[in-house]
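Heads up: the structure comes next, in structure tokens.
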Amino acid sequence: MTHMDTMETSATEPTIAPDFPRIISVDDHTVEPPNVWQDRLPKKYRDTGPRIVRAPLKEMTFLGGRFKPVMGAPGDDGPIGDWWVYEDLHRPLTRLDTAVGYSRDEIKLEVITYEQMRPGSYDVPQRLADMDVNHVQSALCFPTFPRFCGQTFTEAADRELGLLGVRAYNDWMVEEWCGPAARGRLIPLTLIPLWDAELAAAEVRRNAARGVRAVAFSEIPPHLGLPSVHTDDWDPFLAACDETGTVVAMHIGSSSRMPSTSADAPPAVGSTITFANCCFSMVDWLMSGKFERFPNLKVMYAEGQIGWIPYILERADVVWEENRGWGGVADKVHRPPSELFADHVYGCFFDDAFGLKNLDAIGVGNVLYETDYPHSDSTWPKSREVGEAQMGHLEPDVVDRIVRRNAIELLGLTKDGLWAGA
């Protein structure tokens, strides 16, 4: 075959797309095994600390963004489930906690036991196997029982026990969930005692010393009865994150209040507008002055999607330019909010074709990919297919940045996308 023949043949053959990069998911979830706190709390707290009780469900509602389960007594009628019991809190495991493997129409608001969930929800080897099925190399996991920023411990009465509970979870997260069996493929995300910024700072530093680079925080702290980011109350915590390179990770629902419209709105309303809290939160941070006070601070919004970001940045810049004199930010926000976003904020998505079509207005370096395993919204086991379909118009280098490289840089992973530990 001549050189000309080769050129003609290659010109007519279809282009073979490069392999889709192995995914680094920045928002998956762990369902804590029953023994996490029983194995780690002092003996005097075993009967009041978090523990699993198998009991019937009396009633359960999820309306207006509020989840209200009621545990029945032994011998009562009703479906049987496993419940976390902690002080006077009774919180059941539900199908929404671990829905992968079920068809969408089979996923209902119901209580379940550990035997009724996919083992990858709580078992490390099984999780790695499910990640392999889904083309996922590494994953950062948010908690279930402590809720998305550990507010379960903040709401408890006994602060000493609450602090022990936070530390026990973090020890389990680092030493077991992300321990040797995970082979660097599970990335630790730790909690803080939200009720005390100095204790929170100490916990950030304790975990940073063993290689942790992400900590969970509330998207809207005042919804939890805590100070807003506009105050100085959080500065010790933020200073610790700034100094250690610890990313502040905020998941939808981490304010214990999902967005809704009315007390009788069905869950579908809130599910459609789950991004709203992230939107409100991001504007809070951009107008707070914290990014200028703490120049190394990074925040990320898990499961918030990204399609809404361009308009908010545009509007925030207009307000900053036109209204900052009376808007209460002239003395603390000295750069356009869109510039602060570019340097400090990351949006996370698992299914957002619109956002990807407007990537230039967001910033290639400010977007992270996720799979949301094992929740009902998860794209498992087709996260690769979803990504290929929605990112097909992007250059391979851009896809690699979104699916892998941005997460590697943000979370301090090895060049191969693994957590190296302390």
Side-chain angles (χ1 to χ4, degrees), residues 24 26-27 140 142 148-151 187-192 194 197 200-201 203-204 207-208 212-224 226-255 274-306 308-309 312-313 316 329 332-333 335-349 355 362-370 402 406-412:
I24 297 178
V26 296
D27 171 32
L140 180 85
F142 283 81
F148 295 146
C149 67
Q151 59 265 54
I187 306 162
L189 172 70
T190 51
L191 305 177
I192 55 169
L194 291 160
E203 191 62 13
V204 167
N207 291 306
V212 177
R213 291 295 177 266
V215 62
F217 190 66
S218 174
E219 59 204 347
I220 308 177
H223 285 347
L224 302 178
L226 299 169
S228 79
V229 297
H230 299 289
T231 70
D232 294 336
D233 297 68
W234 293 108
D235 284 6
F237 162 67
L238 298 179
C241 294
D242 180 81
E243 293 164 12
T244 60
T246 299
V247 180
V248 177
M250 293 171 282
H251 194 285
I252 59 167
S254 56
S255 59
T274 52
F275 72 91
N277 281 354
C278 296
C279 173
F280 300 159
S281 174
M282 190 178 83
V283 176
D284 252 352
W285 282 90
L286 292 176
M287 299 299 187
S288 70
K290 297 304 182 186
F291 293 138
E292 296 187 59
R293 292 190 61 189
F294 303 103
N296 298 314
L297 190 63
K298 309 285 186 183
V299 305
M300 58 170 268
Y301 287 99
E303 208 173 322
Q305 312 302 339
I306 59 174
W308 53 273
I309 292 175
I312 292 300
L313 294 180
V329 297
K332 59 183 178 181
V333 181
R335 298 168 58 198
S338 61
E339 291 185 12
L340 297 173
F341 173 89
D343 290 342
H344 298 276
V345 184
Y346 294 78
C348 312
F349 78 100
I362 302 169
V364 172
N366 298 86
V367 175
L368 306 168
Y369 199 40
E370 58 182 59
I402 293 171
N406 288 342
I408 288 173
E409 294 172 2
L410 179 65
L411 299 171

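One-based numbering along the sequence shown.
- Remark: of the listed residues Asp242, Asp235, Asp284, Asp235 is the sole one forming a salt bridge (charged side-chain N to carboxylate O under 4.0 Å, His left out) with Lys290.
- Between the side chain of Thr244 and the backbone N or O of Ala240, at least one donor-acceptor pair lies under 3.5 Å.
- Here the side chain of Asn207 pairs a donor or acceptor atom with the backbone of Glu203 at under 3.5 angstrom.
- Considering CD1 of Ile309 and CZ of Phe341, their distance stands at 4.0 Å, rounded to 0.5 Å.
- With sequence neighbours excluded, the residues satisfying ring pair (Phe, Tyr, Trp, His ring centres under 6.0 Å) with Tyr369 are Phe349.
- To the nearest 0.5 Å, the span separating CD1 on Ile408 from CD1 on Ile24 amounts to 4.0 Å.
- At distances below 3.5 Å, at least one donor-acceptor pair connects side-chain atoms of Ser218 with backbone N or O atoms of Ser254.
- Ring-plane geometry between Phe291 and His344 is classed as parallel, the angle between the planes falling under 30 degrees on a 0 to 90 degree scale with a further cut at 60.
- How far CG of Leu140 is from CG of Leu189: 5.0 Å, rounded to the nearest 0.5 Å.
- With respect to Asp232 and Arg293, a salt bridge is recorded, a charged nitrogen being found less than 4.0 Å from a carboxylate O.
- For Asp343, the side-chain contact (heavy atoms from CB on, under 4.5 Å) partners are Arg335, not counting sequence neighbours.
- Within the 3.5 Å criterion, the main-chain N or O of Trp285 finds a donor-acceptor partner in the side chain of Ser288.
- In this structure, CD1 on Ile220 lies 10.0 Å from CE on Met250, to the nearest 0.5 angstrom.
- A donor-acceptor pair is defined here as one N or O able to donate and one able to accept, closer than 3.5 Å; no such pair exists between the side chain of Glu303 and the backbone of Cys348.
- Proximity of a side-chain donor or acceptor of Asn277 to a complementary backbone N or O of Gly304 within less than 3.5 Å is not detected.
- Tyr301 places a side-chain N or O within donor-acceptor distance of the main-chain N or O of Met282, the cut-off being under 3.5 Å.
- Of the residues Val248, Thr246, Thr190, the one that meets the side-chain contact (heavy atoms from CB on, under 4.5 Å) test with Val204 is Thr246.
- Considering SG of Cys241 and CG of Asn296, their distance stands at 11.5 Å, rounded to 0.5 Å.
- Listed for the Asn366 side chain is a donor-acceptor partner under 3.5 Å among the backbone atoms of Val345.
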